[in-house]
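For the numbers below, each heavy atom of this structure counts, side chains included, while hydrogens, waters and symmetry mates do not. As the structure is a prediction and not an experimental result, all values here were calculated from the model.
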Amino acid sequence: MQTFALACRCNASRRYHEGLPLTSLAPDDSFLRPYFETRETVFDGQVGIAGSIHFQGFDHSAPEMQARILAAWGIQLGSRFIVDIDPKGGGNGASSPSNWLTVTLNRGSALNHTLPCRDLGVSPELCDLAAVPFFGVEPRLLPAAKFNESLVAGLDTVAAFREDVYRRGSDGVGEAAL
């Protein structure tokens, strides 16, 4: 009888490896369910290429440039060929708080340094494109005078981003990746 029970358990465990989706193993309200769904959809079901957008050679502290970076991100997210693997975005819809600009803007907001995009003289069309990663909510950007203070505070908050942001000593212009 024990041999029969052991054989049934072994057979049942083998069936899990033969096609049962991982989402079936997690309870309905489990935090693992969205992870398993993304993993099966993006990584198990297709070949993907991770994308990055690199910005260099301009003054990131200018509100229009901050908006342009977010707009480029919004255009990328709006493509039917792009799959955002973290659509909840750590609370802001843009991405997990895993890029230097989001950290800088969030830290600037916590320091009460940010203003709505249009209030900083950025064109309405550019502000609309910059709002795409934030589910259409107009982003709050940093005035140039407060950018470096917020950037340093953000980098102090998340030390891992220090490697992503390169500051040129001669003119202080940042070169960074998003």
Side-chain angles (χ1 to χ4, degrees), residues 31 34-35 37-39 41-43 48-178:
F31 68 93
Y35 168 78
E37 288 171 355
T38 300
R39 186 173 188 278
T41 303
V42 177
F43 298 107
I49 300 171
S52 295
I53 308 171
H54 297 272
F55 303 93
Q56 64 184 45
F58 62 85
D59 184 4
H60 291 79
S61 67
E64 182 172 339
M65 294 304 155
Q66 296 167 45
R68 285 179 183 229
I69 291 170
L70 296 174
W73 193 5
I75 290 169
Q76 187 178 25
L77 289 175
S79 169
R80 65 187 179 103
F81 301 108
I82 302 292
V83 176
D84 184 10
I85 60 170
D86 188 9
K88 294 190 180 176
N92 67 13
S95 80
S96 59
S98 63
N99 70 67
W100 66 272
L101 183 57
T102 302
V103 168
T104 301
L105 293 175
N106 287 341
R107 192 67 190 132
S109 182
L111 295 169
N112 203 24
H113 291 169
T114 58
L115 294 169
C117 185
R118 293 169 211 250
D119 291 358
L120 291 167
V122 179
S123 74
E125 295 82 15
L126 188 53
C127 289
D128 289 344
L129 283 173
V132 170
F134 302 96
F135 300 116
V137 175
E138 182 177 336
R140 296 180 63 85
L141 305 176
L142 289 159
K146 297 292 186 179
F147 184 83
N148 283 333
E149 181 182 342
S150 298
L151 174 64
V152 169
L155 293 178
D156 286 343
T157 304
V158 185
F161 298 134
R162 287 189 187 123
E163 296 175 8
D164 292 337
V165 179
Y166 305 99
R167 309 284 297 162
R168 293 193 310 234
S170 60
D171 58 7
V173 173
E175 296 182 9
L178 178 63

Sorted by chain and number, sequence neighbours left out, side-chain contact (heavy atoms from CB on, under 4.5 Å) with S109 holds for T114

Review point. Going through the distances and angles, do I75 and V132 end up as a side chain to side chain contact (heavy atoms under 4.5 Å, CB included)?
Key: CA-CA 8 Å; I75 290 169; V132 170; over 6 Å; no

Taking the side chain as everything from C-beta on, heavy atoms only, tell me whether [X] gets closer than 4.5 Å to [Y].
{"X": "R68", "Y": "L126", "result": "yes"}
{"X": "T157", "Y": "N106", "result": "no"}
{"X": "L120", "Y": "P143", "result": "yes"}

Could you measure the distance from the [atom1] atom of [X] to the [atom2] atom of [Y]? Nearest 0.5 Å is fine.
{"X": "R107", "Y": "L155", "atom1": "CZ", "atom2": "CG", "value": "11.5 Å"}
{"X": "N112", "Y": "K146", "atom1": "CG", "atom2": "NZ", "value": "9.5 Å"}
{"X": "C127", "Y": "L141", "atom1": "SG", "atom2": "CG", "value": "6.5 Å"}

Closest heavy-atom contact between [X] and [Y]?
{"X": "H60", "Y": "W100", "answer": "CD2-CH2, 3.3 Å"}
{"X": "G154", "Y": "V103", "answer": "O-CG1, 3.4 Å"}
{"X": "A67", "Y": "A130", "answer": "O-CB, 3.7 Å"}
{"X": "P34", "Y": "F31", "answer": "CD-O, 3.4 Å"}

So the salt bridge (Lys or Arg N to Asp or Glu O under 4.0 Å) pairs with at least one residue in residues 109-124 (sequence neighbours excluded) are R118-D128, R118-E138

inquiry  = Between Q66 and L142, does the side chain to side chain contact (heavy atoms under 4.5 Å, CB included) criterion hold? Intermediate values first, please.
reply    = CA-CA 8 Å; Q66 296 167 45; L142 289 159; 3.7 Å; yes

